[in-house]
Amino acid sequence: MKREHLLAIPIDWKNEPHASVSYEIMMEASELHLISGVEYNFQCVSGLGNDSGWQNSPIYIDTNLQPETEYSYTVQARSISNPGHVSPPSLPYKVQTQAANSVDEIMEQLELIPLVYNGNKNNRINIVVMNRWVENDAEPYNRPEMKDEFLVDVENSVVKALTLGDPDAVTPYANYSAFYNIYALWWPNIPVWDPKRPECLGWKQVQEIRNRLFLPWRDEYTGWVTLLSMLNTTGGGGGAGRELLSRVGDAYIVGNEIASMMHEFAHTATGIADEYTSSGKWGHGSETYNTTNFYQRNQVKWRAWITPETPVPTPYTDEYLGVVGLFEGGQHRLSDHFRPTARGCLMGAGAFGVQHLCPICVQRTILKHYDLVNPIERITPTQTEMQIEGETSIHFQVIHLKPEPNTLETEWRLNGKVIAVNVNQVEITLGSTDHYQLTFSLADKTKRIRPDPPYAAYPLHQVSWIIKNSNPTHDSLPLEIELEATNPSFLGHDGQIQSQVSGGTPPYEYIWSNGSQDPFLSDLSAGTYELRVIDQHFDYATTSYQLKQKSKLDIDLRSVWTKNGWKVDLNSESDEKLNCWWSTGAMTSTVDGLKDGIYQYKVSNTDGVELESEIRLLKPEVSLQAVSEIIPATAGQMDGAVWLNIHGGREPYSVTWADPRLFSDEIVLYQAEEAQYLGPISGRDEGCYGKEMGCLKFEGQAGWIDWQITVPLTGRYPLTFRYKTGDRVTALLLINGNDIGKHLEFPKSGDWQDYQQEVDLQGGKNSIRLQAENQSTLSLDYLSVPQKAWFEKPDEWVRTSLSSGTYTVLIKDANHTAIEKTVQIPEANRFLLENVNLEKAHTNKIRIANPNPDYYYYWYDADFSIHHIDQTIKPIAQGTGFEPERSGNYYLSCQRISDGAISQNRVGFAVTKGDRLPLCSNHVSKTELEPDQLSA
Ligand SMILES: [Zn+2]
């Protein structure tokens, strides 16, 4: 290729036009290397800026500009020896100058020194280390002669941490160093830093400096900058904050040690939370990637890393010190919050000073690299849509970033068929068919990721070219697919799909959405299956089939003793018509005049679903009876309960409540900060010190959040929003773009609370969009969605989590004799158990010194702490006194005798058994509104 061909296409920016001050815009073109020499021309195409004219330097600074004004520039190159040979202009790039304020002068004094430069800041995670000092520093970084020492200190901390092979390298950062740029930001005469004196370079100014240097980003999703303020001390400690929407973070580090620097950095770009439990407590304790409030194995986001032999929650015993489990404690909390390892993470699990991350933080870090940086940097041809006429050979190439060691697997697919793997260029002859899609995909299949969507999946990036051919050279009958299927039986996984392909040119390649490559699929559950068939000439056809589960036959069998003997009735619960057969020879749904004995029956519905069983009849001594006990529901909440006491008739009994409940299983959490959202939103508290890793806060109206979720089957599912709001918030819920015709009303709640809404979802991907409607703010922690949901009539004797209202239950005994009972759950006002004074009654007993005559007291074990939502936990004692068996933590709650309401809180207290020590101390209230107060 002749060099001058480089001028056939527009040249790229090395650094797009950028303004860090109010009066100047700097820009840099990618350098061209022509034998004949090259010149550049930068033109201001909108706004009253200045053109550069033809010049040798690829850098241009346009100056004397107006503050906060928009300008656009293009760049062109030409050959010096052949000035008529000019490249087309690049697309105009728009940029706005900064506001004219005191930061302009600071920018003049700053020097941004690239220490590790791997590419354009807009597609890198940029770490900037700034020199800072405080009053008592022995050797402050505050004068020009300290520059060399400062640079060496940055080299010895962040640069070493990201240098593979260095003894101080930190994984996985060092393996992915190509995804980073590292800069030192040097201000020779930087003023002292005193957080109490705003004039001493406060956070707002530091953040403005950072933003002026790096914002705005060129692309919608890539690029990140974290500014680390470093002191010339050792000892550790610090703080960090981040803004998700603008993709910036900042931190201060008391000292320049690697572990502290990387710990604070991890809070920013990768959003990893603290795993320690000491050093105070802040934030809201929301869900994060590496800490959780859930203690059920299948709801732990890192469940793929926990072996079946490891108990969940995991005890702090020798056996489990080195494994991934679920250890209580995290995000500064001792209880009700959990982390992945007992010890051994830079984020503070167990002990500080560890210089590596735990496997869960490693996984998260790797995933975030691919979120913030697109590893596909350059493609050839640059245009992704092409037209050809007949047989044509084209060379395709992709330049991409790699981790070290390289764990990427790359693949080239032509119309879906793999044609090459693990190469970054291919030469393809196209022409036989009329339409091609060539896709290059790159997946990081590192062992440090265990796929378990949505918590983890191998990072995947791809690029496609569409090539249309106006003159196909191959002619054959159109490719066609026919599918024949058998639906799975009820709760079965025995569905089948057989495909039949005709036309095209064999051999055919089969690609199913479940990964299979066979023409025939078996052992299938209900769901949608897509098939693509590709022939020898890359001609292809696609089709899909939805397998449905066969229906279940639910029957209602009832008997009644009459003066003529037993009368038995067979009915379908769904009122469908049944065919009946009885061992007495009867073919009717009702049989009469039966004596005690065993009778067989068979029923079938019109779908052909059959059921065969028997009824055993024996006249009881006493007739069937039932009574109920009730706990009222607190106004607006679902905390009512009912207990049934059944006797008489003949055991065993069966219980069926009339209100079908949506049961669910395999809950999946979708964190708010992983969703897409549009402001006004703030991802953190004011200032740099407070940080909240997992939640998003909507600052009033016009904000929305959109989760992309997946469910296996079309059907009705409960969505649960974990939220918090200082005021009642109404919001609009859109499912796949459609308004559900109802405003969600989130009641005021000072702490995290669940809001549930049932919705209809499609099998596969769905968009769940929540749009805040009034001025109040709404904080969202996560959305949870079950993978399995079905309606079932509850069959428990004890029902909890009920709102006030009427409930009907059908009770049957072994004879299928039935009684129907209706219970009313009343509404009660919320109350707290307060001002409890405990005293020692005698050697081994404690009692309430000031019992309330309207209260009935319940005493609970320490285990109660993690199950405090569950009303079915049995108290270990009742009444005003209690005899603890051991030293430890216990809890007390009460029921109001006048209306039956249960206290919203539990009072926790510690018991120390021994002769000289007091029996109890330290009691604190533990309420559902303040779940984190208890550390006794
Ligand atoms: Zn960790």
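Counting starts at 1 for both ligands and their atoms, in listed order.
- With hydrogens and angles left out, the side-chain atoms of D336 and Y295 include no donor and acceptor closer than 3.5 Å.
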Return all side-chain donor-acceptor pairs below 3.5 angstrom for residues 780-788, not counting sequence neighbours, or 'none' if the list is empty.
residue: D781; atom: OD1; partner: E287; partner atom: N; Å: 3.2
residue: D781; atom: OD2; partner: E287; partner atom: N; Å: 3.0
residue: Q787; atom: NE2; partner: T710; partner atom: O; Å: 3.0

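- With hydrogens and angles ignored, the 3.5 Å screen pairs a side-chain donor or acceptor of T222 with a backbone N or O of N122.
- Taking a cut-off of 2.8 Å, the protein N, O or S atoms nearer than that to the Zn ion (ligand 1) are E275 OE2, C345 SG, C358 SG, C361 SG.
- Checked by atom type, the side-chain pair Q708/N766 shows no donor-acceptor distance below 3.5 Å.
- Side-chain N/O atoms of Q363 and W305 include a donor and acceptor closer than 3.5 Å.
- When atom types are taken as modelled, the side chain of R210 and the backbone of T226 share no donor-acceptor pair closer than 3.5 angstrom.
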